[in-house]
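Below: the structure, in structure tokens.
Scope of the values below: all heavy atoms of this structure, side chains included, with no hydrogens, waters or symmetry mates. Given the structure is predicted, the values throughout are model-derived calculations rather than measurements.
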Amino acid sequence: MTKPQPSPYAVDDTVHRRSAGRTIGIVLFSILAAVVVLALIAVGFVTYTAQRSFPQLSGEVKAPGLEAEATVQRDVLGIPTITADSSHDLFFAQGYVHAQDRFWEMDFRRHVTSGRLSEMFGASQLGTDKFLRTLGWHDIAEQEVDALDATERAYYDAYADGVNAYLADHQGADASFEYAVLGLQNSDYEIEPWTPADSVAWLKAMAWDLRSNIESETERAVMAPDFTEAEVDQLYPAYPFDRNPVIVPKISAVPAVGTAPDLPAEEGTAAGDGAGDAEGDAAGNTDAATAAIEWTEVGSVIEAVGELVGDAGEGIGSNSWVVSGSVTDTGMPLLANDPHLGASLPSVWHQIQLKCSTVTEACPFDVAGFGFSGLPGVVIGHNERVAWGFTNLTTDVTDLYLEKVEGDSYWYDGALVPLETHTETFKVAGSEDVELEVRSTANGPIVSGLTDDFTSIAEAPYTGTGGTVTEAPADAPEGDYAVSLRWTALQPGTTASAIFALNTAKDFDDFRGAAALFDVPAQNLIYADVDGNIGYQTPGKLPIRGAGDGSMPQPGWDSAYAWQGYIPFEELPVSYNPTEGYIVTANNAIVTQDYGYPLTRDWDYGWRAARITELIDRAIAKGPVTADDLNAIQADNYSFIGMRLTAAYADVTTGDDETDAALDLLQQWDAQNSADSAAAAYANVLWDTLAGNVFVDGRENAAPMTGQGRQFLVMDALLDDETSPWWVNDELGVDGMTDMLKRSAIDAYERLVDAQGDNPSRWNWGGLHALPLENGSFGKSGIPAIEWLFNRGPFPVGGGSSVVNATGWDLTQSFSTVTVPSMRMIVDLSDFDASRWNQLTGESGHAFHTNYIDQVESWQKAELTPWAFTPDAVEAATTDTLVLKP
């Protein structure tokens, strides 16, 4: 048969393909600057300079500011256990250790969160800085620090003092190799002291990473002029409650949390009055190099921010589950967690144990787990009594509002109200200062004019009223359209306090008290304790909306659409020792449709949750459940869409012998996206190609390709509807479902041949889906000589999008892995020393350090390493001991 012209998707799947939008383009060196760097490499500059900043791991170090000695024991992976006599010294030492391991990362992050990247990298970052300064993350963090009680503020102050004690003896390249590279273009840069607000602001960045449905809301608004309401509903279907599970099928009756403070009352936004709200030195500097540097412009602000702090795009989510001791081999609970975040180098997580020499009320910490460099405490892990894990709640905590603006005022309830304005000044490396006027309404800061998507919404003003897509009302006030952003993270919150409450929780009541404080980002919190109890709590600041449902931009000029407060904590879903004997969260719907408050229409669609539930049920039936069983579940590569396509193609032949042989391979497949699987390679290319041919290629109005879980449900329904107009694509010469399936099978075969050759025995999903580990700053410079210094990989991986082993890729763009299980842990409540953990890269942020990527191989195999907790186990695992002395 004559083959049709191949689909125009060109893929280079051995190297992650950059697009203008996904490359932040921190710096672009000229030929001269690159030559300088290569010369430095040739004379051993890299080895010498990089090692200068490696942390001292043993012996003694003077650390002025300590009250007494503190001990840092490290194992072969560089994971520290810090022991101190007081809380002050414990967090001081944690700050010192974080600065040892990751200070460049910390410094880079605080310039992101404060909208000050231009100070480091020049005018190329102004677009990103303007957007982030408009949101005001660092200002809000300062307000949260001011609101801390004396004890918590002392923890943050001690941590900052520890960071600064390290910096007192380590500046420029002595702090991190990156400062030597930075000096090639910004020789005047000086490291500033660390502050508590620098710590708290990173919580805002994580909230942005996990912000839930703002992309879906934006997509629907941008689509509205070109798609019918029925088409939008078809492309964004409701959660499949009839086939995939909810987290809390029955809310438990538990005593009210007596010690948890009420969530802060709604106080409006940066606009002030909250109208409409109810209560509720760097080495190697050369002038020649500095003068020769050019800077690239950011292609897309939103995607640039996603690259910097995390992208709430394909595959962002997480798995967690807890199993009761009634079904385990030890008679005690097992708790598993693997948060799915954007792949980063170093990993976002830093593993640590914080131990008071004697646990007392004044020094209450004996806690271990995963935290963020720059932030005191442990975010996910366990103490001596309880364990906890997180997954993203995926509730709707962001809304866009269409505003009507006249001059310096905006319309609100029939009256012109003055915009709240202030001026932000940006210091720009190598250039003059730049100013920006930030404008806000009662709904939030105005973000149109800063990003293409938000600006396009203002230019084509469609709104949503109660789930219905409508054009902007004909009776809208006079003036120009603008778009504002309302988001829970733009109000001061209490998450900075919640971390310490979690770290010291002793029982479920304490845990819920901590959850009541954990307002942003909203997370599913699972729980287990040494008394055998398991539980779940929805935390967070979850808005109660007025007339709209938040799925589309709403009329900002009408207070009927304003937020009316937050769901009371005692009415949030909770589960305690459920009869099922386990709790599973995987970003699926939390509750059934009869819950009293609308939470969102943009859940993850539950494919991971359904598979995890199925595997736990199997493990219970085989019984008893072991930690190995949980590890196997974390490594599960079953692909729902792969099996669905296998069934759909069971009776399809194309007449092309090579393609039909590939389809035969598909029929023999076990639906496991294993890294070495040839069938998985073809299945995933087939899925990607089919989705592109149906929704994108040749279509004047292409549908968004974000959210593969959503696309799974859409395609599943289409495969049951041969008459759907989506099967017709005149540009491709396809006039029905069978033609589309055949065309896509042939296109997929040709794409795979282009990528991996025409010998199926050499096809493998892992190579196609390889993970490139790119350092978040200089690793994306666009200059190979610089990137070589900091990047690693690519590494073959299995898994896929909406697979339990969740390694996401961007549909129709590249098969390279972009989102990953950022860490994995299994906590054994019968014996904490029997627990296991692993993270994506390693403890160290220093390129060329032993611990830079020493955990990657284990991560690829979903193998977890022993997690020592008790003093004897920690001592047995210790390879280096450092004593910090006053």
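Atom CD of Gln855 is separated from atom CE of Met823 by 11.5 Å, given to the nearest 0.5 angstrom. With values rounded to the nearest 0.5 angstrom, Ser318 atom OG is found 7.5 Å from Ile380 atom CD1. With rounding to the nearest 0.5 Å, the separation of CG in Asn851 from NE2 in His846 is 10.0 Å. For the atom pair OG of Ser373 and CH2 of Trp202, the computed distance is 8.0 Å after rounding to the nearest 0.5 Å. Here Leu789 contributes atom CG and Ile786 contributes atom CD1; the two are 5.5 Å apart, rounded to the nearest 0.5 Å. With rounding to the nearest 0.5 Å, the separation of CZ in Arg74 from OG1 in Thr878 is 11.5 Å.
Judged as a ring pair (Phe, Tyr, Trp, His ring centres under 6.0 Å), and not counting sequence neighbours, the contacts of His111 are Tyr189. In this structure Tyr852 satisfies the ring pair (Phe, Tyr, Trp, His ring centres under 6.0 Å) test with no other residue, sequence neighbours excluded. Residues satisfying the salt bridge (charged side-chain N to carboxylate O under 4.0 Å, His left out) test with Arg110, not counting sequence neighbours, are Asp107, Asp198. Every residue was checked against the salt bridge (charged side-chain N to carboxylate O under 4.0 Å, His left out) condition with Arg824, not counting sequence neighbours, and none meets it. Scanning for ring pair (Phe, Tyr, Trp, His ring centres under 6.0 Å) contacts around Trp837 gives Phe370, Trp867, with sequence neighbours left out.
Between the Glu843 side chain and the Gln351 main chain, a donor and an acceptor come within less than 3.5 Å of each other. Judged by distance alone, the side chain of Asn186 and the main-chain N or O of Met120 form a donor-acceptor pair under 3.5 Å. Listed for the Glu863 side chain is no donor-acceptor partner under 3.5 Å among the backbone atoms of Trp859. Looking only at distances, no side-chain donor or acceptor of Ser187 sits under 3.5 Å from a matching main-chain atom of Gly183. Formation of a donor-acceptor pair under 3.5 Å by the Thr626 side chain with backbone atoms of Asp629 is found in this model. Under a 3.5 Å cut-off, the side chain of Asn791 and the backbone N or O of Gly779 do form a donor-acceptor pair. Side chain of Ser822 to main chain of Ala343: no donor-acceptor pair is present (N/O by atom type, distance under 3.5 Å, no hydrogens or angles). Distance alone, capped at 3.5 Å, is enough to place a donor-acceptor pair between the Tyr156 side chain and the Ala496 backbone. Thr841 places a side-chain N or O within donor-acceptor distance of the main-chain N or O of Ser347, the cut-off being under 3.5 Å.
Between Leu132 and Thr113 the shortest side-chain heavy-atom distance does not fall below 4.5 Å. Residues His98 and Gln94 form a side-chain contact, since some pair of their non-hydrogen atoms from C-beta on lies under 4.5 Å apart. Side-chain contact between Ile826 and Leu335 is absent, with no heavy atoms from C-beta onward closer than 4.5 Å. Looking at Val359 and Phe365, their side chains never come closer than 4.5 Å, going by heavy atoms from C-beta outward. Using a 4.5 Å heavy-atom threshold, the side chains of Phe869 and Thr81 count as separate. Looking at heavy atoms from C-beta onward, Gln634 lies in side-chain contact with Leu864 at the 4.5 angstrom threshold. Inter-residue side-chain proximity for Val163 and Phe92 is flagged as unmet; no heavy-atom pair is nearer than 4.5 Å. Gln100 places none of its side-chain heavy atoms less than 4.5 Å from the side chain of Leu57.
Using modelled atom types and a 3.5 Å distance limit, the side chains of Thr870 and Asp833 yield a donor-acceptor pair. Checked by atom type, the side-chain pair Asp85/Ser357 shows a donor-acceptor distance below 3.5 Å. Using a 3.5 Å distance cut-off with no hydrogens or angles, the side chains of Asp676 and Ser674 do not pair a donor with an acceptor. With hydrogens and angles left out, the side-chain atoms of Gln523 and Asn392 include a donor and acceptor closer than 3.5 Å. Inspection of the Thr391 and Asn524 side chains reveals an N or O donor paired with an N or O acceptor under 3.5 Å. A donor atom on one side chain and an acceptor atom on the other are found under 3.5 Å apart for Ser777 and Asn775.
Residue Asp810 forms a side-chain contact (heavy atoms from CB on, under 4.5 Å) with just one option from Val818, Thr819, Thr817, and that option is Val818. Test Val804, Asn805, Asn337 against Asn319 for side-chain contact (heavy atoms from CB on, under 4.5 Å) and you get one pass: Val804.
Across all their heavy atoms, Leu375 and Ile499 have their closest contact at CD2-CD1, 3.4 Å. Taking each heavy atom of Trp765 and Gly799 in turn, the nearest pair found is NE1-O, 2.8 Å. Nearest heavy-atom pair across Leu840 and Leu771 is CD1-CD2, 3.8 Å. Nearest approach of Ala175 to Tyr179, heavy atoms of both residues: CB-CE1, 4.1 Å. Summarising the geometry of Ala201 relative to His138, their closest heavy-atom pair is CB-CD2, 3.9 Å, with the distance given to 0.1 Å. Closest non-hydrogen pair, Ala675 versus Asn764, comes out as O-CB, 3.6 Å.
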Exercise. Are His88 and Tyr155 close enough, and set up right, to give a ring pair (Phe, Tyr, Trp, His ring centres under 6.0 Å), and what steps lead you there?
Worked result: CA-CA 6 Å; His88 171 275; Tyr155 295 159; 10.0 Å; no

For this session: Kindly determine whether Phe500 and Phe91 satisfy ring pair (Phe, Tyr, Trp, His ring centres under 6.0 Å), including the steps that lead there.
Result: CA-CA 11 Å; Phe500 305 117; Phe91 291 116; 5.5 Å; yes

List, one per line, each side-chain donor-acceptor pair under 3.5 Å for residues 58-70, sequence neighbours excluded.
unit_1	atom_1	unit_2	atom_2	d
Glu67	OE1	Ser86	OG	3.2
Glu69	OE2	Lys885	NZ	2.5

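Checked against a 6.0 Å centroid threshold, the rings of His350 and Phe372 do not count as neighbours. Between His769 and Trp809, the distance from one ring center to the other falls under 6.0 angstrom. A centroid separation of less than 6.0 Å is found between the aromatic rings of Trp104 and Phe778.
With salt bridges taken as basic N to acidic carboxylate O contacts below 4.0 Å, none links Glu384 and Lys355. Between Arg608 and Asp636 there is no salt bridge, since no side-chain nitrogen of the basic residue lies less than 4.0 Å from a carboxylate oxygen of the acidic one.
Both tests pass for Arg792 against the ring of Phe848: distance under 6.0 Å to the centre and angle within 45° of the axis.
Taking the six-membered ring for Trp and thresholds of 30 and 60 degrees, His170 and Tyr166 have nearly parallel ring planes, at less than 30 degrees apart.
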